[in-house]
Amino acid sequence: LKLAAGALAPTNGTIRQLGTACYAVQRTDAPPVGWDDFMNCWDAAALDERRRLGVGEDWAERWDTLSHGERKRAQIALALWRAPDVLALDEPTNHLDATGKAVLLDALQHYHGAGLIVSHDRDFLDALCTQCLFLFPPRATMRPGGVTEGREQDRREQTHARERHDANAGKARRLAAAAQQRRMILATLQRDPLNPHTFPAQLATQAVDRFQGRSVLQLPQAPKQPWVQARSDVPQGTLTRHVVHSQILGNDRDVWTYV
(Lines give C-alpha, C1' and ligand atoms only; values in the text may rest on other atoms or scores of the structure.)
Protein backbone atom coordinates (compact mmCIF):
# COMPACT_ATOMS: atom_id res chain seq x y z
CA LEU A 1 0.00 0.00 0.00
CA LYS A 2 2.80 2.43 0.85
CA LEU A 3 4.46 1.74 -2.49
CA ALA A 4 1.22 2.31 -4.40
CA ALA A 5 0.53 5.53 -2.48
CA GLY A 6 4.07 6.85 -2.92
CA ALA A 7 4.74 6.73 0.83
CA LEU A 8 7.60 4.28 0.31
CA ALA A 9 10.25 4.24 -2.41
CA PRO A 10 10.95 0.87 -4.09
CA THR A 11 14.38 -0.66 -3.51
CA ASN A 12 14.27 -2.09 -7.03
CA GLY A 13 12.42 -1.14 -10.18
CA THR A 14 10.15 1.85 -10.63
CA ILE A 15 6.54 2.78 -9.89
CA ARG A 16 4.80 5.29 -12.14
CA GLN A 17 2.01 7.23 -10.49
CA LEU A 18 -0.53 8.86 -12.79
CA GLY A 19 -2.48 10.77 -10.13
CA THR A 20 -2.73 11.68 -6.46
CA ALA A 21 -2.76 9.07 -3.71
CA CYS A 22 -3.52 8.95 -0.01
CA TYR A 23 -2.50 6.22 2.44
CA ALA A 24 -4.48 5.70 5.67
CA VAL A 25 -2.33 3.77 8.12
CA GLN A 26 -3.63 0.96 10.29
CA ARG A 27 -2.69 2.44 13.67
CA THR A 28 -4.63 5.31 15.22
CA ASP A 29 -2.31 6.40 18.04
CA ALA A 30 -1.58 9.86 16.65
CA PRO A 31 -3.75 12.27 14.66
CA PRO A 32 -3.27 11.92 10.89
CA VAL A 33 -1.23 14.49 9.00
CA GLY A 34 -3.46 17.47 8.17
CA TRP A 35 -5.88 16.80 11.03
CA ASP A 36 -6.07 20.45 12.13
CA ASP A 37 -6.56 21.66 8.55
CA PHE A 38 -9.41 19.21 8.05
CA MET A 39 -11.20 20.13 11.27
CA ASN A 40 -10.80 23.86 10.62
CA CYS A 41 -12.12 23.60 7.06
CA TRP A 42 -15.77 24.51 6.54
CA ASP A 43 -16.21 23.89 2.82
CA ALA A 44 -18.90 21.52 1.55
CA ALA A 45 -16.52 18.59 1.05
CA ALA A 46 -15.18 18.73 4.61
CA LEU A 47 -18.66 19.12 6.09
CA ASP A 48 -19.97 16.16 4.04
CA GLU A 49 -17.16 13.83 5.12
CA ARG A 50 -17.44 14.81 8.78
CA ARG A 51 -21.21 14.32 8.64
CA ARG A 52 -21.07 10.94 6.89
CA LEU A 53 -18.53 9.52 9.32
CA GLY A 54 -19.94 11.16 12.42
CA VAL A 55 -16.93 13.33 13.20
CA GLY A 56 -17.89 15.74 15.99
CA GLU A 57 -16.88 19.40 15.91
CA ASP A 58 -15.19 19.04 19.31
CA TRP A 59 -12.96 16.13 18.16
CA ALA A 60 -10.28 18.55 16.99
CA GLU A 61 -9.25 19.31 20.57
CA ARG A 62 -9.70 15.89 22.20
CA TRP A 63 -7.96 13.28 20.05
CA ASP A 64 -6.51 11.61 23.16
CA THR A 65 -9.99 10.95 24.58
CA LEU A 66 -11.46 9.53 21.37
CA SER A 67 -11.98 5.78 21.14
CA HIS A 68 -9.94 3.94 18.53
CA GLY A 69 -13.12 3.41 16.53
CA GLU A 70 -13.77 7.16 16.49
CA ARG A 71 -10.15 7.82 15.55
CA LYS A 72 -10.42 5.37 12.64
CA ARG A 73 -13.53 7.12 11.31
CA ALA A 74 -11.84 10.51 11.64
CA GLN A 75 -8.71 9.22 9.90
CA ILE A 76 -10.67 7.94 6.91
CA ALA A 77 -12.86 11.06 6.78
CA LEU A 78 -9.71 13.15 6.34
CA ALA A 79 -8.42 10.80 3.61
CA LEU A 80 -11.73 11.05 1.71
CA TRP A 81 -11.72 14.83 2.07
CA ARG A 82 -8.44 14.92 0.16
CA ALA A 83 -10.30 13.27 -2.78
CA PRO A 84 -7.27 11.33 -4.03
CA ASP A 85 -7.23 9.36 -7.26
CA VAL A 86 -6.01 6.33 -5.30
CA LEU A 87 -7.12 5.67 -1.72
CA ALA A 88 -5.07 3.05 0.14
CA LEU A 89 -6.63 1.78 3.38
CA ASP A 90 -4.91 -0.55 5.82
CA GLU A 91 -7.48 -2.55 7.82
CA PRO A 92 -10.15 0.20 7.75
CA THR A 93 -12.66 -1.76 9.87
CA ASN A 94 -10.32 -2.18 12.84
CA HIS A 95 -11.92 -1.03 16.12
CA LEU A 96 -15.32 -0.50 14.42
CA ASP A 97 -18.55 -2.07 15.62
CA ALA A 98 -21.41 -2.97 13.28
CA THR A 99 -22.75 0.59 13.30
CA GLY A 100 -19.31 2.04 12.60
CA LYS A 101 -18.80 -0.38 9.70
CA ALA A 102 -22.14 0.63 8.20
CA VAL A 103 -21.19 4.32 8.45
CA LEU A 104 -17.78 3.63 6.88
CA LEU A 105 -19.35 1.57 4.09
CA ASP A 106 -21.72 4.41 3.21
CA ALA A 107 -18.85 6.93 3.14
CA LEU A 108 -16.63 4.77 0.94
CA GLN A 109 -19.47 4.10 -1.48
CA HIS A 110 -19.49 7.85 -2.22
CA TYR A 111 -15.79 7.72 -3.17
CA HIS A 112 -15.16 7.76 -6.93
CA GLY A 113 -11.49 6.84 -7.21
CA ALA A 114 -9.56 3.57 -7.15
CA GLY A 115 -9.45 1.89 -3.75
CA LEU A 116 -6.68 -0.37 -2.47
CA ILE A 117 -7.76 -2.10 0.73
CA VAL A 118 -6.00 -4.55 3.01
CA SER A 119 -8.67 -6.17 5.15
CA HIS A 120 -9.58 -9.48 6.77
CA ASP A 121 -13.27 -8.48 6.83
CA ARG A 122 -14.62 -10.44 3.87
CA ASP A 123 -18.22 -9.35 4.45
CA PHE A 124 -17.20 -5.69 4.34
CA LEU A 125 -15.22 -6.19 1.13
CA ASP A 126 -18.10 -8.04 -0.52
CA ALA A 127 -20.51 -5.24 0.40
CA LEU A 128 -18.15 -2.49 -0.76
CA CYS A 129 -16.50 -3.77 -3.93
CA THR A 130 -18.37 -3.75 -7.23
CA GLN A 131 -15.37 -5.22 -9.04
CA CYS A 132 -12.02 -6.62 -7.95
CA LEU A 133 -8.69 -7.00 -9.68
CA PHE A 134 -7.23 -10.45 -8.93
CA LEU A 135 -3.47 -10.70 -9.30
CA PHE A 136 -1.94 -14.13 -9.95
CA PRO A 137 1.44 -13.13 -11.47
CA PRO A 138 1.91 -12.85 -14.35
CA ARG A 139 -1.88 -12.90 -14.79
CA ALA A 140 -4.22 -10.06 -13.73
CA THR A 141 -7.99 -10.48 -14.05
CA MET A 142 -10.72 -7.94 -13.34
CA ARG A 143 -13.89 -9.62 -12.07
CA PRO A 144 -17.29 -8.11 -11.26
CA GLY A 145 -18.65 -8.25 -7.72
CA GLY A 146 -16.95 -8.67 -4.38
CA VAL A 147 -14.03 -10.81 -3.32
CA THR A 148 -16.07 -13.93 -2.53
CA GLU A 149 -17.89 -13.82 -5.88
CA GLY A 150 -14.64 -13.22 -7.75
CA ARG A 151 -12.82 -16.06 -6.00
CA GLU A 152 -15.74 -18.40 -6.68
CA GLN A 153 -15.70 -17.46 -10.36
CA ASP A 154 -11.94 -18.05 -10.45
CA ARG A 155 -12.44 -21.45 -8.78
CA ARG A 156 -15.05 -22.42 -11.38
CA GLU A 157 -12.78 -21.33 -14.22
CA GLN A 158 -9.83 -23.25 -12.77
CA THR A 159 -12.01 -26.36 -12.32
CA HIS A 160 -13.31 -26.06 -15.88
CA ALA A 161 -9.77 -25.60 -17.21
CA ARG A 162 -8.56 -28.71 -15.34
CA GLU A 163 -11.53 -30.74 -16.61
CA ARG A 164 -10.89 -29.53 -20.16
CA HIS A 165 -7.19 -30.35 -19.83
CA ASP A 166 -7.96 -33.81 -18.41
CA ALA A 167 -10.50 -34.44 -21.18
CA ASN A 168 -8.02 -33.41 -23.88
CA ALA A 169 -5.29 -35.49 -22.28
CA GLY A 170 -7.64 -38.48 -22.06
CA LYS A 171 -8.65 -38.06 -25.69
CA ALA A 172 -5.00 -37.85 -26.74
CA ARG A 173 -4.22 -41.01 -24.78
CA ARG A 174 -7.16 -42.83 -26.37
CA LEU A 175 -6.13 -41.72 -29.86
CA ALA A 176 -2.54 -42.79 -29.22
CA ALA A 177 -3.70 -46.15 -27.88
CA ALA A 178 -6.00 -46.64 -30.87
CA ALA A 179 -3.18 -45.77 -33.27
CA GLN A 180 -0.85 -48.19 -31.52
CA GLN A 181 -3.52 -50.88 -31.59
CA ARG A 182 -4.08 -50.29 -35.29
CA ARG A 183 -0.34 -50.57 -35.94
CA MET A 184 -0.24 -53.82 -34.00
CA ILE A 185 -3.23 -55.20 -35.89
CA LEU A 186 -1.83 -54.16 -39.24
CA ALA A 187 1.54 -55.64 -38.31
CA THR A 188 -0.08 -59.03 -37.72
CA LEU A 189 -1.67 -58.85 -41.18
CA GLN A 190 1.58 -58.30 -43.04
CA ARG A 191 3.87 -60.94 -44.38
CA ASP A 192 7.48 -61.08 -43.23
CA PRO A 193 9.40 -60.08 -46.39
CA LEU A 194 12.44 -62.11 -45.22
CA ASN A 195 10.44 -65.32 -44.86
CA PRO A 196 10.19 -67.22 -48.22
CA HIS A 197 7.36 -69.44 -46.94
CA THR A 198 3.97 -67.89 -47.64
CA PHE A 199 0.31 -68.78 -47.42
CA PRO A 200 -1.05 -69.30 -49.98
CA ALA A 201 2.22 -70.58 -51.45
CA GLN A 202 1.74 -68.97 -54.90
CA LEU A 203 1.98 -65.51 -53.33
CA ALA A 204 5.71 -66.00 -53.07
CA THR A 205 5.91 -65.28 -56.83
CA GLN A 206 2.54 -63.69 -57.63
CA ALA A 207 2.07 -61.20 -54.78
CA VAL A 208 1.56 -57.53 -55.64
CA ASP A 209 4.14 -56.57 -53.02
CA ARG A 210 6.34 -58.41 -50.58
CA PHE A 211 3.97 -57.73 -47.64
CA GLN A 212 0.91 -59.33 -49.27
CA GLY A 213 -0.28 -62.61 -47.83
CA ARG A 214 0.74 -64.49 -44.70
CA SER A 215 4.01 -65.86 -43.46
CA VAL A 216 4.33 -69.53 -42.57
CA LEU A 217 6.47 -70.40 -39.59
CA GLN A 218 8.14 -73.77 -39.96
CA LEU A 219 9.46 -75.62 -36.92
CA PRO A 220 11.24 -78.70 -38.24
CA GLN A 221 12.62 -79.63 -34.81
CA ALA A 222 9.26 -79.32 -33.05
CA PRO A 223 7.72 -82.54 -31.61
CA LYS A 224 4.94 -84.17 -33.57
CA GLN A 225 1.40 -83.17 -32.75
CA PRO A 226 -0.79 -86.25 -33.31
CA TRP A 227 -3.97 -84.37 -32.46
CA VAL A 228 -3.74 -82.38 -35.69
CA GLN A 229 -3.12 -85.40 -37.90
CA ALA A 230 -5.98 -86.74 -39.99
CA ARG A 231 -7.68 -89.84 -38.56
CA SER A 232 -9.91 -92.23 -40.43
CA ASP A 233 -12.28 -92.56 -37.51
CA VAL A 234 -12.86 -88.80 -37.26
CA PRO A 235 -14.89 -87.09 -39.99
CA GLN A 236 -13.14 -84.16 -41.65
CA GLY A 237 -14.70 -80.70 -41.60
CA THR A 238 -14.51 -77.83 -44.04
CA LEU A 239 -12.15 -74.83 -43.82
CA THR A 240 -13.97 -71.67 -44.93
CA ARG A 241 -12.53 -68.20 -45.48
CA HIS A 242 -14.54 -65.09 -44.52
CA VAL A 243 -13.50 -61.52 -45.32
CA VAL A 244 -14.41 -58.99 -42.61
CA HIS A 245 -14.14 -55.29 -43.45
CA SER A 246 -13.35 -52.79 -40.67
CA GLN A 247 -14.60 -49.22 -41.21
CA ILE A 248 -12.64 -48.00 -38.18
CA LEU A 249 -9.32 -49.53 -39.25
CA GLY A 250 -9.99 -49.12 -42.96
CA ASN A 251 -8.85 -52.61 -43.92
CA ASP A 252 -10.03 -56.18 -44.52
CA ARG A 253 -9.28 -59.18 -42.37
CA ASP A 254 -9.50 -62.89 -43.17
CA VAL A 255 -11.38 -65.04 -40.68
CA TRP A 256 -11.05 -68.79 -41.24
CA THR A 257 -13.55 -71.18 -39.71
CA TYR A 258 -13.31 -74.92 -39.54
CA VAL A 259 -16.65 -76.71 -39.21
Side-chain angles (χ1 to χ4, degrees), residues 1-9 15 17-135 142-152:
L1 291 180
K2 289 183 178 181
L3 289 170
L8 182 67
I15 297 177
Q17 293 180 325
L18 302 180
T20 60
C22 182
Y23 169 57
V25 300
Q26 180 177 352
R27 300 188 63 86
T28 58
D29 301 318
V33 177
W35 172 243
D36 290 338
D37 294 337
F38 173 56
M39 292 303 294
N40 291 321
C41 182
W42 299 98
D43 62 14
L47 291 174
D48 284 344
E49 297 304 342
R50 291 202 293 264
R51 175 185 56 79
R52 286 195 183 101
L53 285 157
V55 177
E57 294 182 8
D58 62 334
W59 287 17
E61 306 299 332
R62 62 182 192 90
W63 181 269
D64 292 339
T65 64
L66 296 177
S67 70
H68 283 286
E70 290 172 331
R71 294 180 185 182
K72 177 58 68 175
R73 299 204 320 264
Q75 179 194 73
I76 296 176
L78 187 152
L80 291 171
W81 171 63
R82 295 183 185 277
D85 297 311
V86 176
L87 177 62
L89 303 178
D90 191 354
E91 297 291 353
T93 59
N94 275 9
H95 312 297
L96 297 182
D97 56 15
T99 302
K101 290 181 182 179
V103 169
L104 176 61
L105 178 63
D106 176 70
L108 291 177
Q109 286 174 337
H110 285 81
Y111 170 66
H112 298 292
L116 299 177
I117 302 177
V118 171
S119 176
H120 293 87
D121 194 331
R122 181 66 61 80
D123 292 336
F124 180 80
L125 293 175
D126 288 340
L128 175 64
C129 300
T130 57
Q131 58 181 358
C132 297
L133 179 66
F134 288 83
L135 301 176
M142 184 69 76
R143 300 187 186 281
V147 177
T148 300
E149 183 179 352
R151 289 179 64 89
E152 176 61 23

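For this chain, numbers begin at 1 and follow the sequence in order.
- Here the closest heavy-atom approach between residue Met39 and residue Val55 is recorded as SD-CG1, 3.8 Å.
- Each of Val118, Leu89, Leu1, Asn94 was scored for a side chain to side chain contact (heavy atoms under 4.5 Å, CB included) with Gln26, with one residue passing: Asn94.
- A donor-acceptor pair is defined here as one N or O able to donate and one able to accept, closer than 3.5 Å; such a pair exists between the side chain of Arg73 and the backbone of Leu53.
- Nearest heavy atom pair, residue Ala79 against residue Leu87, reads CB-CD1, 3.7 Å.
- In Arg27, the CZ atom is not crowded: 12 or fewer heavy atoms of neighbouring residues, nucleotides or ligands sit closer than 6.0 Å.
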**Study point:** side chain to side chain contact (heavy atoms under 4.5 Å, CB included) evaluation trace for Leu108 with Leu80
**Key:** CA-CA 8 Å; Leu108 291 177; Leu80 291 171; 4.0 Å; yes

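- Geometrically, Arg50 does not engage Trp81 in a cation-pi contact, judged by NZ or CZ lying under 6.0 Å from the ring centre and within 45° of the ring axis.
- In this structure the side chain of Arg122 reaches within 4.5 angstrom of the side chain of Val147, judged on heavy atoms.
- When atom types are taken as modelled, the side chain of Asp90 and the backbone of Val25 share no donor-acceptor pair closer than 3.5 angstrom.
- Distance alone, capped at 3.5 Å, is enough to place a donor-acceptor pair between the Arg71 side chain and the Asp64 backbone.
- Shortest non-hydrogen contact noted between Lys101 and Asp121 is NZ-OD2, 2.8 Å.
- A distance-only check finds no donor-acceptor pair linking the side chain of Arg143 to the backbone of Arg151 [under 3.5 Å].
- In this structure, the side chains of Gln109 and Leu128 come closer than 4.5 Å at one or more pairs of heavy atoms.
- A donor-acceptor pair is defined here as one N or O able to donate and one able to accept, closer than 3.5 Å; such a pair exists between the side chain of Ser67 and the backbone of Glu70.
- In terms of modelled atom types and a separation under 3.5 Å, the side chain of Tyr23 and the main chain of Leu3 share no donor-acceptor contact.
- In this structure, the side chain of Asp85 does not engage the main chain of Gly113 through any donor-acceptor pair within 3.5 Å.
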